[in-house]
*Asks:* 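This is the structure, below, for whatever I ask next.
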Number of protein chains: 2
Amino acid sequence: MTQPLRDPNHVTAGGLHGIFPLPAGRTLDICLKLHTAILEHRLAPGVKLSEDEVGEIYGASRTVVRAALQALAHSGMVTIEKNRGAFVARPSIREAHEVFEARALIEPRIARMAATTASEADLRGLQAHIDAEHEAIAAGDMGKALSLSGLFHTAIADISDHQVLANMVRSLISRSSLIIALYWKRPDTACESHSHHALMKAFAERDATAAEEIQKSHIIDLHSGLNLTERPHHDGSLKDILADT
Amino acid sequence: MTQPLRDPNHVTAGGLHGIFPLPAGRTLDICLKLHTAILEHRLAPGVKLSEDEVGEIYGASRTVVRAALQALAHSGMVTIEKNRGAFVARPSIREAHEVFEARALIEPRIARMAATTASEADLRGLQAHIDAEHEAIAAGDMGKALSLSGLFHTAIADISDHQVLANMVRSLISRSSLIIALYWKRPDTACESHSHHALMKAFAERDATAAEEIQKSHIIDLHSGLNLTERPHHDGSLKDILADT
DNA sequence: GCAATGATTATCGTATACAATTATTGTCTA
DNA sequence: TAGACAATAATTGTATACGATAATCATTGC
């Protein structure tokens, strides 16, 4: 009988658990809310997250907000600067390369494992994920579509049943969301969802080798879809946000 | 010109930076002290880390101790249970397998990269590491020897110059220390240091492929040196500590 | 007009106090 | 004596207050 990797009262809700080893509570709530806001590109890289401000929004004291921000810093989504505060992270070009190199190493292995462990219910869940993604694209909600695209990868990680690697993947995907916000070439391209379909097919056929290779080339595609030759256009400061008007 | 991955005031001292994205200060100090204490097996898995107690030892208030414990929880060295407190983590058998599987995936790649990027100074540094390890073994300080053995792997990760993967390796090695404390078969075996020698040789010859394969089999060896069939002998509770007498 | 400098303001770092929860101990009863 | 229950003690969760640091802006001198 296998025992859980961490304590059971470490939340398992929402599907994006695991990166935050926090007991359930308001701290975890704030983590999750900020996390999804970043994943949906409603919080741009570089935006300042003042403790007082966040605390007022969510009705919590600075103590709990601080803990949440530090947790987010550990997962790489937030940068904390001494005596200056917390900001939504702004991954460098170098970090962008490294994150996608790491994904290209880990995720194909994850896909291989998931291909053998996926249940029928898992496959239906993945398909529902793809459908929701299409729906969001049709509705023009690009933030949500991108978020779901990432969540598809984390769902595979969950299916693989390798919690250590799955947590790494989750962290990498969260950072990828920031990287895409900063460096994505074609803002309105339908996000490679045909790769996701191909993966689904490999899973359905229990073809582990195919799943591994599809995932690898998919991530290399994503990597090459980035413009990593120049500094990002806007850096999150108010000046740059309003520069277009 | 490459820019640093994180903010420069995120400490770079001591060689085990990187897992703790904290600004320099007392919180980071306490993190590092507890971290090395765990790595040197002076803090056994399951030991309770009371906030008041730790705070009194290091002369800090609970606020800063709490932050340190949460940081350690994020790197997987500490488990926090709601309303019960923080404990040195006690990795399950399953997690032990997963950690070494992850290492077997990532570290060979790291070794390959390090073989091409290592400078002469890097090689001298690694050799010094090995020497220090031998010295500790000769002095009978097994805790320090084991700690240095792990630090050898993190040193390679640093040399590889891939910060994202290097941080993952650091976290995995820290957890490996706990796993070894719980599951190591032969308490007094000279810890495979001949593998480290072989790696050094591959680095010196710039043989990336050899380095990759040596590292892979080295980690598989470590994995197979664990007794992962039964629950750990003692779990940190008084009952189990005194059960032998 | 522009740059340097000093006071002001806002924000973070830390300590401490109180509330909530859990663990322990002592007592009672079957 | 073993088990259940209640009171007590200890520890964590959270809020708030104070001191320290950095950014801002007005003022002054060139």
Side-chain angles (χ1 to χ4, degrees), chain A residues 6-11 20-34 46-74 78-89 235-242, chain B residues 6-11 20-34 46-74 78-89 235-242:
Chain A
R6 298 179 193 281
D7 199 69
N9 62 13
H10 289 174
V11 127
F20 306 123
L22 296 166
R26 269 180 302 178
T27 301
L28 208 249
D29 284 345
I30 294 178
C31 268
L32 259 35
K33 287 200 172 111
L34 290 176
V47 166
K48 167 145 199 186
L49 300 172
S50 158
E51 294 179 356
D52 280 324
E53 204 172 341
V54 175
E56 199 171 344
I57 289 172
Y58 294 121
S61 87
R62 279 182 55 214
T63 307
V64 56
V65 172
R66 255 180 98 75
L69 291 174
Q70 290 185 356
L72 287 164
H74 279 285
V78 156
T79 306
I80 296 176
E81 295 178 31
K82 189 177 175 63
N83 284 318
R84 279 185 35 85
F87 305 82
V88 179
D235 69 355
S237 70
L238 207 54
K239 171 172 64 105
D240 289 301
I241 290 175
L242 301 180
Chain B
R6 299 178 193 281
D7 199 70
N9 62 14
H10 290 175
V11 126
F20 305 123
L22 295 167
R26 268 179 303 176
T27 300
L28 208 248
D29 284 345
I30 293 178
C31 269
L32 260 35
K33 288 201 172 109
L34 290 176
V47 167
K48 166 144 199 189
L49 299 171
S50 158
E51 295 179 354
D52 280 324
E53 207 172 342
V54 175
E56 199 172 343
I57 290 171
Y58 294 120
S61 89
R62 278 182 55 213
T63 307
V64 56
V65 172
R66 259 179 96 75
L69 291 174
Q70 291 183 357
L72 288 164
H74 280 286
V78 157
T79 305
I80 296 177
E81 295 177 30
K82 188 175 175 65
N83 284 317
R84 280 183 35 86
F87 305 82
V88 179
D235 70 355
S237 71
L238 204 56
K239 169 174 66 103
D240 290 299
I241 291 174
L242 300 179

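Proteins come first, then strands; the chains are lettered A, B, ... in the order of their sequence lines, and each starts at number 1.
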*Asks:* How many angstroms lie between atom CG of A:Leu22 and atom NZ of B:Lys82, to the nearest 0.5 angstrom?
*Replies:*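 Here the rounded value is 10.5 Å.
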*Asks:* Just do the side-chain contact (heavy atoms from CB on, under 4.5 Å) check on A:Leu69 and A:Leu34 with the steps written out, would you?
*Replies:* CA-CA 9 Å; A:Leu69 291 174; A:Leu34 290 176; 4.1 Å; yes
*Asks:* Hey, does B:Leu28 have a side-chain heavy atom less than 4.5 Å from the side chain of B:Phe20?
*Replies:*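 When only atoms from C-beta onward are counted, B:Leu28 and B:Phe20 do touch, with a gap below 4.5 Å.
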*Asks:* In the structure I gave you, are the side-chain heavy atoms of A:Pro21 and B:Ile80 within less than 4.5 Å of one another anywhere?
*Replies:*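 Heavy-atom side-chain distance check fails, nothing below 4.5 Å.
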*Asks:* What pairs meet the salt bridge (Lys or Arg N to Asp or Glu O under 4.0 Å) rule with one or both residues in residues 59-70 of chain A, with sequence neighbours excluded?
*Replies:*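 Non-adjacent pairs meeting salt bridge (Lys or Arg N to Asp or Glu O under 4.0 Å): A:Glu51-A:Arg62, A:Glu51-A:Arg66.
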*Asks:* Set out, line by line, the N/O atom pairs under 3.5 Å between protein and nucleotides 13-18 of chain D.
*Replies:*
from   : atom 1 : to      : atom 2 : distance (Å)
D:dG13 : OP2    : B:Arg66 : NH1    : 2.2
D:dG13 : OP2    : B:Arg66 : NH2    : 2.8
D:dG13 : N7     : B:Arg62 : NH2    : 3.0
D:dG13 : O6     : B:Arg62 : NH1    : 3.2
D:dT14 : O3'    : A:Arg26 : NH2    : 3.1
D:dA15 : OP1    : A:Arg26 : NH1    : 3.0
D:dA15 : OP1    : A:Arg26 : NH2    : 3.4
D:dA15 : OP2    : A:Ser61 : N      : 3.2
D:dA15 : OP2    : A:Ser61 : OG     : 2.7
D:dA15 : N7     : A:Thr63 : OG1    : 2.8

*Asks:* Identify the 5'-most and 3'-most nucleotides of DNA chain C with at least one atom closer than 4.0 Å to a non-hydrogen atom of chain A.
*Replies:*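 Terminal contacting nucleotides, 5' to 3': C:dT11 to C:dT14.
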*Asks:* If I compare all heavy atoms of B:Ala67 with all of A:Gln70, which pair ends up nearest, and what's the gap?
*Replies:*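 B:Ala67 and A:Gln70 have their closest heavy atoms at CB-OE1, 3.6 Å.
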*Asks:* Say you draw a straight line from CG of B:Leu32 to OG1 of B:Thr27; how long is it, rounded to the nearest 0.5 Å?
*Replies:*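 With rounding to 0.5 Å, CG (B:Leu32) is 11.5 Å from OG1 (B:Thr27).
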